[in-house]
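Values reported hereafter were calculated over all heavy atoms of this structure, with side chains retained and with hydrogens, waters and symmetry mates removed. Naming: A, B, ... by sequence-line order, numbering from 1 per chain.
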Amino acid sequence: MDPRQGLRLLLPAGPVDRDRPRRAGQGPRRPRDHLHRRRRAAPAGPHQPAAVRRPDADLPHLAGHDPAARRRGAHRHALGRRPDPGRPARGGEHRGPGHAGQHRGRRRHHVHRRRRAVTTPATVRTRFCPSPTGMVHVGLMRTALFNWAHARHTGGRLVFRIEDTDASRDSEESYRHLLDCMRWLGLDWDEGPGVGGPHEPYRQSERHEIYRDVAAKLLAAGHAYESFSTNEEVETRRLAAGQDPKLGYDNADRYLTDEQKAAFRAEGREPVLRLKMPDEDLVWDDLVRGEIRFAAGSVPDFVLVRANGVPLYPFVNPVDDALMGITDVLRGEDLLPSTPRQLALYRALTDIGVASGTPRFGHLPYVTGEGNKKLSKRDPQSNLDVYRDRGFLPEGLANYLALLGWSIAEDRDIFSMEEMVEAFDVTRVSANPACFDLKKAEAINAAHLRALPLEDFISRVVPFLARAGLVSDPPTPEQDRLLRAIAPMAQERMIVLSDAVGLLRFLFTDDVEIDPAAAAKQLAGPEAAEVLDAATAALSGLGEWTTPEIEAALKSALVEGLGRKPRQAFGPVRVAVSGRTVSPPLYESMELLGRDRTLGRLAAARATIAG
RNA sequence: GCCCCCAUCGUCUAGCGGUCCAGGACGCCGCCCUUUCAAGGCGGUAGCACGGGUUCGAACCCCGUUGGGGGCACCA
């Protein structure tokens, strides 16, 4: 029995009913839409190359994809309602025991929206294809994370490909670092470096021969052509025609005769290879943004292969995607303007049998820094290592990164990677740029840190303590004993793992170094001296060195004996013992420190107070 | 300049035409707890950019304006 049946009774305006008034209401608007689309489809630029303009170029297209029809909802039923790649055969799972079934069952009602893809791949194949040029950017890792989550959620595969074709900027070290960062964040891949796969090699630098062959086929099939124009010539021509030279290449070499080509060659010129752009609008249904359209003729024929035979990124990248069977391309918004070219290339590649169709595209919003500029590579905030080194948990940072453009639910933002995989839906990614907020990242991390089981917490914190020279790695039995005892109290006072160093240093050294600011605040003047003297006296004769005994002795000596307020009574003692105004709970800390060290520190602090 | 994207609290977001005088989180401000600092609990602050249209009804759909961002290479 369908659990939604009950829900439908509670929701009189179900998805089915909702479409009915719409159909009536939106019908009349159709002609206007139609006109509007036409206007946008054929902008009347004086710069429009005549060869590309065909007055009726967009008509067949409009007939095929009536925009009014899709908005009316016909589309939604035809495609959108079909289970998306993430949903096939998932219904049963949702209701299975151990899952928050009801909750998710309800959510499924609004999973589908205006965005849906043209085709739904049987098996999703996503890819992540960075180029190893130095620092690893948090925005880049967010892209990796979303690709990973999309693949895992849909039961698809993630291909990891390295685009290391720029010898001047790429380095082996950056390459290794990139893999390391992926692994650290917990992102695994099904094909790529280290794991291999059926489409090897996965480093672009090792794939050079492949491109030459594809380029030759494109040329032979007439999708590409040789172009001899220099930039200067193009600019001169545009200027002469009264056009803005920024419009770029003017497609002038498209129909060169053999004689003309021979003449250029005789001059010693070598041609670049350009793709012939189609004379139609280039449109796609973006996974995160819905329909995006570029007018016919607005994108010039672009270069696939340089005159010296080196293939260019806009050519190589889709070829690799095609060859590797990539179905879903999730990438940064900065690549959105190059998508029409890819679409055109894909058509050509499909025609010559290199591709078996065009992938779906989803353009992820920018991660911005201060202000709302794209987070710069030079901004230290953008470097993943900074967070790693400070002791962010991978799951904490991943959780935060996921929140940059996506949300798991209306009332929750702490979740595990598993939960993310379970819930992730690309079509629910926001199109808004997201500002990286360190404070929130820290808060999310702190929540994960606090939730860590003791053993886990200790094993993660030890490397940080060891690096600071506080414990050995692995810790000695005594260090281990102290760590275990103090861990729960330290854990809830930390935001990142490196906080443990400052918080616990006093426990793992013989003589504490007192923070000058703390000393100025708590270890100055006769009151402080009085407190330390009284504390020393009370603790010296203590029978049992345990937390309750210490607490009782201190309270009676300082609060009752001296008549001090707790704040004033314990402040100097804390600073004397821990060196800081912020520490784990005092009595417990003293117990763990031991009688001798504690009394020694009280004495040392007392000695610093003049008089 | 041309093309494209984006627009809900300071920030990240929920919102899918009525259930919204807009929900959550971070931040900030109070209070409680308390030996410090945290954590935790409770409460508060603050937002639909603007103008038209469609509709009985618009944060939500359409158009425009404004603002912000990005892209315009024989780089990747």
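In this structure, the side chain of Ser131(A) does not engage the main chain of Thr133(A) through any donor-acceptor pair within 3.5 Å. Using a distance-only test at 3.5 Å, with no hydrogens or angles considered, a donor-acceptor pair links the side chain of Glu419(A) to the main chain of Ser416(A). Side chain of Gln342(A) to backbone of Pro318(A): no donor-acceptor contact under 3.5 angstrom is found. Remark: side-chain polar atoms of Asp499(A) are paired, donor with acceptor, to backbone N or O of Val496(A) under 3.5 angstrom. For the pair Asn251(A) (side chain) and Asp301(A) (backbone), a donor-acceptor distance under 3.5 Å is present. A donor-acceptor pair under 3.5 Å is absent between the side-chain atoms of Ser227(A) and the main chain of Val272(A), judged by distance alone.
Here C2(B) sits opposite G71(B) as a Watson-Crick or G-U wobble pair (both hydrogen-bonding atom distances under 3.5 Å). Look at C26(B): its Watson-Crick or wobble partner, with both distances under 3.5 angstrom, is G10(B). Using N1 to N3 plus N6-O4 or O6-N4 for Watson-Crick, or N1-O2 and O6-N3 for G-U wobble, each under 3.5 Å, A49(B) pairs with U65(B). Of all nucleotides present, only C56(B) satisfies the Watson-Crick or G-U wobble test against G18(B), with each distance under 3.5 Å.
Note on Tyr587(A): a base of the nucleic acid sits closer than 4.0 angstrom, heavy atoms only. Counting any heavy atom pair closer than 4.0 Å across all strands shown, Pro365(A) reaches no nucleic acid atom. Within the 4.0 angstrom heavy-atom criterion, only backbone atoms of the sugar-phosphate kind lie near Phe294(A); the bases stay farther away. Across all strands, Thr165(A) comes closer than 4.0 Å only to sugar-phosphate atoms, never to a base (heavy-atom distances). Using a 4.0 Å heavy-atom distance criterion, Ala307(A) is classed as a base contact. When heavy atoms are screened at a 4.0 angstrom cut-off, Tyr313(A) is found touching base atoms of the nucleic acid. Leu586(A) comes within 4.0 angstrom of a nucleotide base, judged by non-hydrogen atoms across all strands. Within the nucleic acid shown, Val272(A) comes within 4.0 Å of at least one base atom, counting heavy atoms only. Within the nucleic acid shown, Ser131(A) comes within 4.0 Å of sugar-phosphate atoms alone, with no base atom in reach, counting heavy atoms only.
Ring pair Trp284(A)/Phe294(A) is parallel by interplanar angle, where below 30° counts as parallel and above 60° as perpendicular. The aromatic rings of Tyr387(A) and Phe436(A) sit tilted relative to each other, their planes meeting at an angle between 30° and 60°.
For U11(B) and G30(B), the P atoms lie 23 Å apart once the distance is rounded to whole Å. Going from the C1' atom of A39(B) to that of C61(B) covers 46 Å, rounded to whole Å. Across C12(B) and A7(B), the matching C1' atoms stand 15 Å from one another, rounded to whole Å. Rounded to whole Å, the P atom of C6(B) lies 14 Å from the corresponding atom of G64(B). On the C1' atoms, A14(B) is 6 Å away from G23(B), given to the nearest whole Å. Taking the C1' atom of each, U19(B) and C62(B) are spaced 25 Å apart, rounded to whole Å. Between C3(B) and G15(B), the distance separating the two P atoms is 33 Å to the nearest Å. On the P atoms, G69(B) is 27 Å away from C28(B), given to the nearest whole Å.
Closest to the Asp244(A) side chain, of the nucleotides G1(B), U36(B), G40(B), is G1(B). Of the listed nucleotides (A39(B), A76(B), U36(B)), A76(B) has the atom at the smallest distance from the side chain of Glu163(A). Side chain of Glu492(A), nearest nucleotide from A14(B), A39(B), C12(B): A39(B). Proximity note for Arg169(A) (side chain, C-beta onward) versus C74(B), A76(B), G69(B): the nearest is A76(B).
Side-chain N/O atoms of Arg580(A) and base N/O atoms of U36(B) include no donor-acceptor pair closer than 3.5 Å. No hydrogens or angles were tested; on distance alone, nothing pairs the side chain of Arg567(A) with the base of U36(B) as donor and acceptor under 3.5 Å. For Arg493(A) and U36(B), a side-chain-to-base donor-acceptor distance below 3.5 Å is present, hydrogens and geometry of angles not being considered.
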Can you check nucleotides 25-28 of chain B for protein contacts, nitrogen or oxygen pairs under 3.5 Å, and list what you find?
residue	atom	partner	partner atom	Å
A25(B)	O4'	Asp413(A)	OD2	3.4
A25(B)	O2'	Asp413(A)	OD2	2.7
A25(B)	O2'	Lys440(A)	NZ	3.4
A25(B)	N3	Lys440(A)	NZ	3.0
C26(B)	O2'	Lys440(A)	N	3.3

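A cation-pi arrangement, defined by a distance under 6.0 Å to the six-membered ring centre and an angle within 45 degrees of its axis, is present between Arg341(A) and Phe302(A).
Along RNA chain B, the nucleotide nearest to Trp406(A) and the one nearest to Asp334(A) differ in position, and the one closer to the 5' end is contacted by Trp406(A). RNA chain B is contacted by both Tyr400(A) and Arg412(A); Tyr400(A) maps to the nucleotide lying nearer its 5′ end (nearest heavy atom per residue).
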